[in-house]
S.K.: 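Below you'll find the structure I mean.
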2 protein chains.
Amino acid sequence: MDKKVTINDIATQAGVSKTTISRYLNGKFDNMSSNTKARIEETIDKLDYRPNRQAQALKTHHSFLIGVSVADISNMYTSRLLKGIGEYFQKTHYQVLIMDADNSVARELSNLEKMMTEQVDGIILQPLVHQPEHYQLLVAENTPVVQVDRYTEPFAWPAVVSDNFQKSVELAKIFKTKSYDAILVLANHINGVSSRMNRYNGLEAGLTGSGITVKLIEIDGSDWQSLLHAEIKQHQHPAIFALNGQVLWSAVRFAKERSLNIPEDVGLIGYDDDQFADMITPAISSVSQNPQEIGRVAAEQLLSSVNGQATPPKNTRIPSEIQMRDSL
Amino acid sequence: MDKKVTINDIATQAGVSKTTISRYLNGKFDNMSSNTKARIEETIDKLDYRPNRQAQALKTHHSFLIGVSVADISNMYTSRLLKGIGEYFQKTHYQVLIMDADNSVARELSNLEKMMTEQVDGIILQPLVHQPEHYQLLVAENTPVVQVDRYTEPFAWPAVVSDNFQKSVELAKIFKTKSYDAILVLANHINGVSSRMNRYNGLEAGLTGSGITVKLIEIDGSDWQSLLHAEIKQHQHPAIFALNGQVLWSAVRFAKERSLNIPEDVGLIGYDDDQFADMITPAISSVSQNPQEIGRVAAEQLLSSVNGQATPPKNTRIPSEIQMRDSL
DNA sequence: ATGAAAGCGCTAACAG
DNA sequence: CTGTTAGCGCTTTCAT
């Protein structure tokens, strides 16, 4: 078990003081003889020295750690979000501490506590809770935060999200064109989840005065299938709008089980196709977001906020795209 | 901008020395008056004090950081793997530093370097490279490592993987029963990826003497579609065996584009169905792994290794399951 | 039952 | 152009 090599070892070996080594490490070559510089470089190489991050952090109050809190790590949206975040920080000296709330409010809070203990320099948060007061822990410590996918209200921090409301307005037009008479919005509980609320509200807004019924069905409720089935039977030309990927697949499965024909018996469109939507018959129409870009932009904003540039708590909307296929 | 509260603040406020606070923090109550204890607890609560991890780490040489290096963060297998890992460490005091190699050997190495700089206490590695010498960086520093999904050879560290070889042997039996005459194994490059090699080798082993042709087609090669098509035409009763989820979906897409009927024109089975396999028509037969359990077990093994229990560099095999549906 | 003091590995005045 | 020194926030002997 070899001892770790420290800045002192390098200093001794290179025959200079550790100050000089520190200068070298931090790229302060202004007044360093090329001779010394070369000798240091060589010594570091030879001993395979890597400065200790904790010691640096302790001294500089800069951990170079970024916390990322996601609602549920095991879904496609999250994977791609993380891809974008990781890609961005890869180019920097920051490391990313990813924590999975597993859709538990308690666990999310505990994760955030842990992040604070780790002295993270900033946080990317996909909030589970709508009220900013819930996160006062972060406010108290004045930690830079950028929200992704969803945001608290009133606004506490900048957010990078999809253009949910606008896309639903567009969708409303399509529903009208195709003369649907009822839109059954299928979702997990939407209360307090800004993205879902915006998707729902945008639809209602786009449909006002059209005479088209909008009905929300939350699938965490018991027996949503029967409810949905009844609604479908009740209308001439109904369509399902599924507010996220998992719900979309639940809808497909539902239609299959009840032997409902898509789009004849019921139209279907939903969020987040993830490359599978065009594999099944009929090909499913969908709204495809760009989580990777959301991650990238959020990372970018967070970094500039960490570096002291004041970021106004504003929404950044990343465009999503409506993919019309055969199910609607 | 409020200053961080430190152990000194607590000491002063509570009217004791920081030694005592430290004792409190580390649960050393043996010789502490319940009076002092209560006072400390109260003060910590009031000031919302959290000990600084970097300072602790510097002193104890224990960062409580675990590095996780994955081949590609944006796929289902990985998501579920991370779920398992996170779930386990959630219950401990360790934090998880996830890094995405994005299938780049160079980036993987750079990530590992970064992990070492962060003084991680241990690493979970899904290795991109088969030769352990490639990872001598880790050997040099004597870092505890547990491999997942794949392993280097010769063995350097324990590995937690699926029962790839055995499952392929089972599959071979099924192929025989269904009297296929040719198995077209579809994969990304298999060389150096132990999981893929085991899946392939197991099949060959299970099929020796059966007269059934086995043909490997690597889809990173140019125009694998034509090659595959030719092979299919050439045999009476061929089947495709796709070695991972993404390849499986490529195969489905391929069949669709070439208007091949499954399973009449060609049988199909593949790894990692991820809940979609039974959504399409025909429902796709698949081998479903348990990445979450792999992650959990790897985390467990790593932790005991970090805690000094010598872990023999042995394989742990987590069973996967063959799901027979309509495509084979 | 508690404290004083040294030191983990590094950075940053300040000095020369 | 380089070194001396103090100190970041904590843990840990060694005292008492």
Side-chain angles (χ1 to χ4, degrees), chain A residues 1-41 43-44 47-65 93 116-121 141, chain B residues 1-41 43-44 47-65 93 116-121 141:
Chain A
M1 195 72 86
D2 39 13
K3 282 211 67 62
K4 289 253 160 156
V5 15
T6 78
I7 200 172
N8 279 310
D9 302 329
I10 305 296
T12 314
Q13 289 269 333
V16 293
S17 79
K18 44 185 197 156
T19 307
T20 307
I21 308 294
S22 175
R23 288 206 185 92
Y24 175 92
L25 292 175
N26 294 285
K28 293 172 182 162
F29 307 126
D30 315 2
N31 291 316
M32 195 178 296
S33 73
S34 54
N35 194 329
T36 325
K37 187 175 164 185
R39 205 142 27 86
I40 294 178
E41 180 160 9
T43 315
I44 288 183
L47 301 195
D48 197 23
Y49 165 69
R50 259 181 300 277
N52 179 309
R53 245 311 156 59
Q54 277 81 29
Q56 292 181 141
L58 188 56
K59 188 66 196 173
T60 62
H61 301 282
H62 207 36
S63 70
F64 282 98
L65 246 34
H93 284 130
M116 299 315 296
T117 297
E118 299 294 336
Q119 319 286 124
V120 294
D121 292 337
E141 304 253 7
Chain B
M1 197 71 85
D2 39 13
K3 283 212 70 62
K4 289 253 160 158
V5 16
T6 78
I7 200 173
N8 279 309
D9 303 329
I10 305 296
T12 314
Q13 290 269 334
V16 293
S17 80
K18 44 183 198 157
T19 307
T20 307
I21 307 296
S22 175
R23 288 207 185 91
Y24 175 91
L25 292 175
N26 294 285
K28 293 172 182 162
F29 307 127
D30 315 2
N31 291 315
M32 194 178 298
S33 74
S34 55
N35 193 330
T36 329
K37 186 175 164 185
R39 207 142 26 84
I40 294 178
E41 179 160 10
T43 315
I44 287 184
L47 301 195
D48 197 23
Y49 165 69
R50 259 182 298 278
N52 179 310
R53 247 311 155 60
Q54 276 82 30
Q56 292 183 143
L58 188 56
K59 190 65 198 171
T60 62
H61 301 282
H62 207 35
S63 69
F64 282 97
L65 245 33
H93 284 130
M116 299 314 298
T117 296
E118 300 292 338
Q119 319 288 122
V120 295
D121 291 338
E141 305 253 6

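Order of the sequence lines sets the chain letters (A, B, ...), proteins ahead of strands, with each chain counted from 1.
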S.K.: With a 3.5 Å cut-off and just heavy-atom distances, do the side chain of Lys4(B) and the base of dG9(D) make a donor-acceptor pair?
M.R.: no

S.K.: For the side chain of Gln54(A) and the backbone of Ala55(B), is there at least one donor-acceptor N/O pair under 3.5 Å apart?
M.R.: no

S.K.: Please confirm whether the backbone N or O of Ala14(B) pairs with a side-chain atom of Arg39(B), one donor and one acceptor, at under 3.5 Å?
M.R.: yes

S.K.: Please confirm whether any donor atom in the side chain of Lys18(B) sits under 3.5 Å from an acceptor in the base of dG9(D), or the reverse.
M.R.: no

S.K.: Taking only the side-chain nitrogens and oxygens of Thr20(B), find out if one of them lies under 4.0 Å from OP1 or OP2 of dG3(C).
M.R.: yes

S.K.: Does Ser22(A) make a side-chain donor-acceptor contact with the base of dA12(C), cut-off 3.5 Å?
M.R.: no

S.K.: Counting distance alone, no hydrogens or angles: does the base of dT11(D) have a donor or acceptor under 3.5 Å from a partner atom on the side chain of Thr19(B)?
M.R.: no

S.K.: Does dA1(C) have its OP1 or OP2 closer than 4.0 Å to a side-chain nitrogen or oxygen of Lys28(B)?
M.R.: no

S.K.: Tell me if the side-chain of Thr36(B) makes a donor-acceptor pair with the base of dA1(C), cut-off 3.5 Å, by modelled atom types.
M.R.: no

S.K.: Rounding to a whole Å, what distance do you find between His62(A):NE2 and dC10(C):P?
M.R.: 18 Å

S.K.: Starting at atom NZ of Lys59(B), determine the distance to atom P of dC8(C), rounded to an integer number of angstrom.
M.R.: 7 Å

S.K.: What's Tyr49(B) touching, base or sugar-phosphate or nothing? Going by heavy atoms closer than 4.0 Å.
M.R.: sugar-phosphate

S.K.: Rounded to whole angstrom units, what separation is found between the CG atom of Asn26(A) and the P atom of dT11(C)?
M.R.: 5 Å

S.K.: May I ask you to test the His93(B)-His62(B) pair for a side-chain heavy-atom distance under 4.5 Å?
M.R.: no

S.K.: Measure from CZ on Phe29(A) to P on dC1(D) and round the result to the nearest Å.
M.R.: 14 Å

S.K.: Determine the contact category for Lys37(A): base if any of its heavy atoms lies under 4.0 Å from a base atom, sugar-phosphate if only primed atoms, P, OP1 or OP2 are that close, otherwise nothing.
M.R.: nothing

S.K.: Considering only side-chain heavy atoms of Ser33(B), which listed nucleotide, dA1(C), dG7(D), dA6(C), is closest?
M.R.: dA1(C)

S.K.: Does dC8(C) have OP1 or OP2 sitting under 4.0 Å from an N or O in the side chain of Asn52(A)?
M.R.: no

S.K.: Taking all heavy atoms of Leu25(B) and all of Tyr49(B), pick out the closest pair and write down the distance.
M.R.: CD1-OH, 3.8 Å

S.K.: With a 3.5 Å distance limit and no angle check, can you tell me whether Ser22(A) reaches the backbone of Lys18(A) through a side-chain donor-acceptor pair?
M.R.: no

S.K.: Decide yes or no, distance alone: a donor-acceptor N/O pair under 3.5 angstrom between the base of dG3(D) and the side-chain of Arg23(A).
M.R.: yes

S.K.: Would one find a side-chain N or O of Gln54(B) under 4.0 angstrom from OP1 or OP2 of dC8(D)?
M.R.: no

S.K.: When you match Asn31(A) and Thr6(B) each to their closest nucleotide on DNA chain D, which lands nearer the 5' end?
M.R.: Asn31(A)

S.K.: Say whether, by atom type as modelled, one donor and one acceptor occur between the side chain of Ser63(B) and the main chain of Gln119(B) under 3.5 angstrom.
M.R.: yes

S.K.: Calculate the interatomic distance between Tyr24(A) atom OH and dC10(C) atom C1'; express it in whole Å.
M.R.: 17 Å

S.K.: Quickly work out the Ile44(A) CD1 to dC10(C) P distance and round it to whole Å.
M.R.: 10 Å

S.K.: Of the listed nucleotides (dC8(C), dG9(D), dC10(C)), which one gets closest to any side-chain atom of Ala55(B)?
M.R.: dG9(D)

S.K.: Which whole-number value in Å describes the distance from Asp9(A) CG to dC8(C) P?
M.R.: 11 Å

